[in-house]
Colleague: 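I'd like to ask you about the structure that follows.
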Amino acid sequence: MSNNQSAYLRALKNDDSLPIEQQALTLWHKDLENRFRWTLRPILQFVFAILLHLIWFLKRLPLPQFSAHTFLQKTICWFCKYFVSPEANMLILRHFATESNILNFLSENTDHSYRVNLYPKTIDDMLHNSFVDHDQELFESFAQLGNAQTHINKSNRYNWKSWQPINMNDFFIEKKATQVIDFETAHALFMCLFCLLLKRDEYRDAINGFNLDHSIAIRIGKIINDSSLTEYAYNKYPHYLVGPWNLGQRFLMHGFFTEHMYAKLEAMRKQQIA
């Protein structure tokens with residue numbers, strides 16, 4: 001721990017009000033201390049925000065649409081492998097696992113058979129368990145779920161057969177001296193690539209998928225009888241479609257949401273099997 005660390009960051013490290021696993025918290029705090037986050041990020045976010053809105057405008061014009069999913073994923077994985085910090089890469093891998101577990105818990109405890117199997121352990125695994133797949137699995141899960149009013153569980157016993165607890169030792173990131181880019185700076189670049197290399201409707205769906213956090217919280221809240229879960233969701237009201245404004249913060253808060261939900265459910269799972 002840095003001796004000149006701010007009082008606020010010290011307070012954060014000792015605040016356990018919100019459920020989140022210590023491993024995730026440690027990774028995030030280390031990412032916050034990345035010096036490039038406070039020097040390079042503001043400049044790049046400004047430039048990429050302008051570029052993103054230009055691409056978004058061009059993609060909305062009545063022109064032939066194109067996409068390049070494979071090239072998109074290969075480019076992202078190459079950039080992660082050589083330039084994104086190990087902490088940020090670990091957080092990305094964790095995100096696949098946290099969201100897959102949450103969606104599987106939701107399906108399994110509402111008697112639906114659809115399961116998500118996106119649990120990459122390395123950057124190369126993300127070539128096959130891609131970000132595009134991640135979005136499509138979310139949408140397909142919701143298409144299968146049906147009426148939220150049926151998600152009331154009158155028992156305190158829950159099904160965990162599809163749950164895969166996160167073990168940080170399962171993840172592997174080959175460290176390189178060039179891996180210096182923090183999580184948010186990396187995402188600033190990724191969001192431009194996504195907008196360029198997805199069709200306009202694919203990209204619109206992807207950036208609005210975050211708002212399903214609200215629906216996930218409501219549905220799981222009904223299952224475990226905890227209406228406070230909606231407080232974890234920064235992104236809300238999925239029927240209101242939004243553009244790319246404030247996308248970086250919305251993406252980050254989606255990541256926090258899945259970490260909070262995963263930690264909450266994992267604690268319940270451990271208590272149930274104890």
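For this chain, numbers begin at 1 and follow the sequence in order.
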Colleague: Can a cation-pi geometry be assigned to R41 and W38, taking NZ or CZ under 6.0 Å from the six-membered ring centre and within 45° of the ring axis?
Modeller: yes

Colleague: Kindly indicate whether the side chain of Q23, heavy atoms from C-beta on, has any atom under 4.5 Å from the side chain of M90.
Modeller: no

Colleague: With a cut-off of under 6.0 Å to the ring centre and 45° to the axis, is K236 in cation-pi contact with F210?
Modeller: no

Colleague: Does a side-chain heavy-atom distance below 4.5 Å link H29 with L12?
Modeller: yes

Colleague: Does the side chain of E140 come under 3.5 Å of the side chain of Q136 through a donor N or O and an acceptor N or O?
Modeller: no

Colleague: More than 12 heavy atoms of other residues, nucleotides or ligands under 6.0 Å from OH of Y237: is that the case?
Modeller: no

Colleague: Compute the ring centroids of Y158 and W163, then answer whether they are less than 6.0 Å apart.
Modeller: no

Colleague: Any non-hydrogen side-chain atom of V84 less than 4.5 Å from a side-chain atom of F79?
Modeller: yes

Colleague: We want to know whether Q73 and H128 form a side-chain donor-acceptor pair, criterion being a heavy-atom distance below 3.5 angstrom.
Modeller: no

Colleague: Would K264 pass as a cation-pi partner of Y232, given that its NZ or CZ must be under 6.0 Å from the six-membered ring centre and within 45 degrees of the axis?
Modeller: no

Colleague: Using 30° and 60° as the class boundaries, would you call the ring planes of F183 and F251 parallel, tilted or perpendicular?
Modeller: parallel

Colleague: Which of these, N117, T258, L118, N129, sits in a side chain to side chain contact (heavy atoms under 4.5 Å, CB included) with S100?
Modeller: L118

